[in-house]
Amino acid sequence: MESKAVSILSKLISIPTVNPPGEKYAEFVEYVEKLFKTLGLDTEIIEVPKSEVAKRCAECADYPRLILLARSGEPRIHFNGHYDVVPPGPLESWRVTKPFEPVYREGRVYGRGAVDMKGGLTSIILAVEKAASNGLKNFEVSFVPDEETGGETGAGYLAKSGKIKAPWVVIAEGSGEDNIWIGHRGLIWFMVEVYGKQAHGSTPWYGLNAFEGAAYIAYRLQEYIKSISSRRSNYEYDDPRGASPTVTIGGEVRGSVKTNVVPGYFAFSVDRRIIPEEDLEQVKREFVEFIEKVAKELPHKVEVKITNISEAALVEPNHPLVEALSKSVEEVIGKRPRKTVCIGGLDARFFIKAGHPTVTYGPGPIGLAHAPDEYVEVKQVINVAEAYYNLIKRVNA
């Protein structure tokens with residue numbers, strides 16, 4: 001199976017499905033659809049309406065967004081993965097190979113998207129091929145675009161479409177072969193905007209410095225951060241520090257234009273990560289109320305805008321899907337996998353919201369996602385494929 005895994009994965013990597021803007025999507029979907037058809041699966045290609053794409057990425061609107069569905073029998077399990085990859089970055093930072101010229105070396109395949117997540121897609125293909133060759137049916141597969149730009153025009157669109165027939169979903173994102181993500185944290189992105197009065201730098205007394213107002217708010221936000229840091233999730237996390245809510249200030253800043261100008265406007269972002277036990281609306285409300293309280297101490301006008309929201313999602317660790325997958329993994333690697341919550345975000349939220357309990361399990365190491373010389377361990381690709389195959393057998397029993 002190793003040579004086949006390397007061959008399929010290398011082919012997938014060599015198609016540069018870079019997002020944004022969404023290059024080579026049609027070429028990728030055409031290749032995989034033909035592969036699934038040779039296995040006797042029924043396939044369907046869904047194109048996301050251009051208007052939906054334009055809402056979320058204007059530069060992407062002229063690049064078709066295609067969702068590939070493949071099905072066998074009456075589906076009892078659904079395997080999902082995204083095929084878009086982030087841009088490769090500076091080419092000089094790639095030392096092992098060029099981003100889209102995959103190399104197999106010492107048990108690893110290198111290339112952009114190797115672990116995030118064409119390694120997981122390869123695991124799905126290998127599992128489906130083995131299931132089909134052994135006469136197993138009742139499974140479903142979807143390959144979707146745009147996870148790297150939020151997922152709304154990929155997994156989000158599919159989840160709302162009603163096209164998924166299976167009750168349970170497994171996403172092949174790179175959790176690592178010995179770890180199942182039973183959920184993930186959520187987020188709210190805020191933009192705190194401070195308005196002052198612009199003036200010449202030689203006469204600052206004629207102005208009202210918006211940066212100074214923003215700096216004061218950022219300083220006072222330490223009180224807010226301290227007040228929520230004692231909250232702790234009841235579930236296990238990849239890194240124990242992820243079990244508490246976190247706040248990142250200033251990932252994005254907007255301000256004045258020149259050194260000798262008193263800034264009349266300054267804004268900074270706040271990335272608030274949410275654990276599954278927190279209520280999204282309550283988090284939103286308490287943050288805005290804190291900013292409004294501090295703003296009363298300033299002569300500046302202050303506004304808070306929400307620029308992004310993503311719900312936390314979770315399937316309880318004793319759910320039948322988790323148990324079935326856990327046993328299937330144990331049969332391959334010889335031990336029960338960990339059951340953790342992903343510190344970042346995943347497409348699982350879309351499927352769970354649509355009524356499909358969803359877990360995430362795929363080959364790693366995930367720490368190399370988006371990095372130069374990205375790679376995936378071929379052994380993990382194969383082991384995950386075997387676990388998927390065991391799961392297909394289990395749900396057909």
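If you read the sequence from its start, that first residue is 1, and numbering goes on from there.
- A distance of 4.5 Å separates OG of Ser310 from CG of Leu187, quoted to the nearest 0.5 Å.
- Ion pair Glu277/Arg232 not flagged as a salt bridge, since none of the NZ, NE, NH1 or NH2 atoms sits closer than 4.0 Å to an Asp/Glu carboxylate oxygen.
- If you run side-chain contact (heavy atoms from CB on, under 4.5 Å) between Tyr389 and each of Leu136, Val332, Leu126, only Leu136 comes through.
- Hydrophobic clustering keeps Ile275 apart from Tyr224 (ILVMFWY residues linked when any side-chain heavy atoms are closer than 4.5 Å, directly or through intermediates).
- Residues Ala312 and Pro276 approach most closely at CB-CA, 3.8 Å, considering heavy atoms.
- Pairing each heavy atom of Glu147 with each of Gly345, the nearest pair is OE2-O, 4.4 Å.
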If you apply the rule side chain to side chain donor-acceptor pair (under 3.5 Å), what do you find for Arg336 with Ser326, and how did you get there?
CA-CA 6 Å; Arg336 281 293 184 108; Ser326 183; 3.3 Å; yes
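- Residue Phe100 qualifies as enclosed at atom CZ: its count of foreign heavy atoms under 6.0 Å is above 12.
- In this structure, Val53 belongs to a hydrophobic cluster whose other members, linked by side-chain heavy atoms under 4.5 Å apart, are Ile46, Val48, Ile67, Leu69, Val144, Tyr157, Leu158, Ile164, Val169, Ile171, Phe351.
- Distance check: Ile366 CD1 to Ser175 OG gives 8.0 Å after rounding to the nearest 0.5 Å.
- Contact check on Glu297 versus Arg220 returns a salt bridge, with a Lys/Arg side-chain nitrogen under 4.0 Å from an Asp/Glu carboxylate oxygen.
- Look at Lys50 and Glu52 and you find no salt bridge, because none of the NZ, NE, NH1 or NH2 atoms lies under 4.0 Å from a carboxylate O.
- A donor atom on one side chain and an acceptor atom on the other are found under 3.5 Å apart for Thr43 and Glu33.
- At a threshold of 4.0 Å, the pair Lys339-Glu323 counts as salt-bridged, since one of the basic side-chain nitrogens sits closer than that to a carboxylate oxygen.
- Between the side chains of Asn383 and Glu177, at least one donor N or O sits under 3.5 Å from an acceptor N or O.
- Side-chain contact check for Ser202 and His200: at least one donor-acceptor pair (N or O, by modelled atom type) lies under 3.5 Å.
- Salt-bridge annotation for Glu223 and Lys226: absent, with no side-chain N of the basic residue lying under 4.0 Å from a carboxylate O of the acidic one.
- Comment: Glu129 engages Lys4 in a salt bridge, judged by a side-chain N to carboxylate O separation of less than 4.0 angstrom.
- Defined by atom type and a distance below 3.5 Å, a donor-acceptor pair is missing between the side-chain atoms of Asp347 and His82.
- Enclosure of atom NZ in Lys130 by more than 12 non-hydrogen atoms of other residues, nucleotides or ligands within 6.0 angstrom is indicated.
- Under a 4.0 Å N-O distance rule, the pair Glu386/Lys393 does not qualify as a salt bridge.
- Under a hydrophobic clustering in which Ile, Leu, Val, Met, Phe, Trp and Tyr are joined whenever their side-chain heavy atoms come within less than 4.5 Å, directly or via other members, Tyr219 and Val294 fall into different clusters.
- Within the 4.5 Å cutoff, no side-chain heavy atoms of Val170 are placed close to those of His78.
- Neither side chain, His300 nor Glu212, offers a donor N or O lying under 3.5 Å from an acceptor on the other.
- Grouped by direct or indirect side-chain proximity (heavy atoms under 4.5 Å, Ile/Leu/Val/Met/Phe/Trp/Tyr only), Val86 sits alone.
- Using modelled atom types and a 3.5 Å distance limit, the side chains of Asp84 and Thr17 yield no donor-acceptor pair.
- Put simply, Leu221 and Val302 are part of the same group of oily side chains (I, L, V, M, F, W, Y) that touch within less than 4.5 Å, one to the next.
- Side chain to side chain, Thr153 and Lys55 fail the donor-acceptor criterion of an N or O pair below 3.5 Å.
- For the pair Arg254 and Glu252, the salt-bridge criterion is met [side-chain N within less than 4.0 Å of a carboxylate O].
- A donor-acceptor contact closer than 3.5 angstrom links the side chains of Ser328 and Arg394.
- Ion pairing between a basic and an acidic side chain is recognised when a charged N comes within 4.0 Å of a carboxylate O; Arg272 and Glu286 show such pairing.
- A distance of 10.5 Å separates CD in Glu311 from CD1 in Ile352, rounded to the nearest 0.5 Å.
- For the pair Arg185 (side chain) and Ile343 (backbone), a donor-acceptor distance under 3.5 Å is present.
- The cluster map of Ile, Leu, Val, Met, Phe, Trp and Tyr, joined by side-chain heavy atoms under 4.5 Å apart, puts Leu280 and Tyr235 in different clusters.
- With values rounded to the nearest 0.5 angstrom, Ile15 atom CD1 is found 9.0 Å from Glu30 atom CD.
- At a threshold of 4.0 Å, the pair Arg65-Glu47 does not count as salt-bridged, since none of the basic side-chain nitrogens sits closer than that to a carboxylate oxygen.
- Classification of Arg338 and Asp178 as a salt-bridged pair fails, no side-chain N sitting under 4.0 Å from a carboxylate O.
- Using a 30° and 60° split on the angle between ring planes, Phe287 and Phe190 fall in the parallel class, below 30°.
- Looking at Glu23, its side chain never comes within 3.5 Å of a backbone N or O of Val18 through a donor-acceptor pair.
- Distance OG1/Thr360 to CD1/Ile182: 10.5 Å, rounded to 0.5 Å.
- In summary, Lys327 and Glu330 do not engage in a salt bridge, as defined by a charged side-chain N under 4.0 Å from a carboxylate O.
- Checked against Tyr25 for a ring-ring contact (aromatic ring centres under 6.0 Å, His included), the options Tyr63, Phe143, Tyr83 give a single hit: Tyr83.
- To the nearest 0.5 Å, atom OH of residue Tyr31 and atom NZ of residue Lys11 are 6.5 Å apart.
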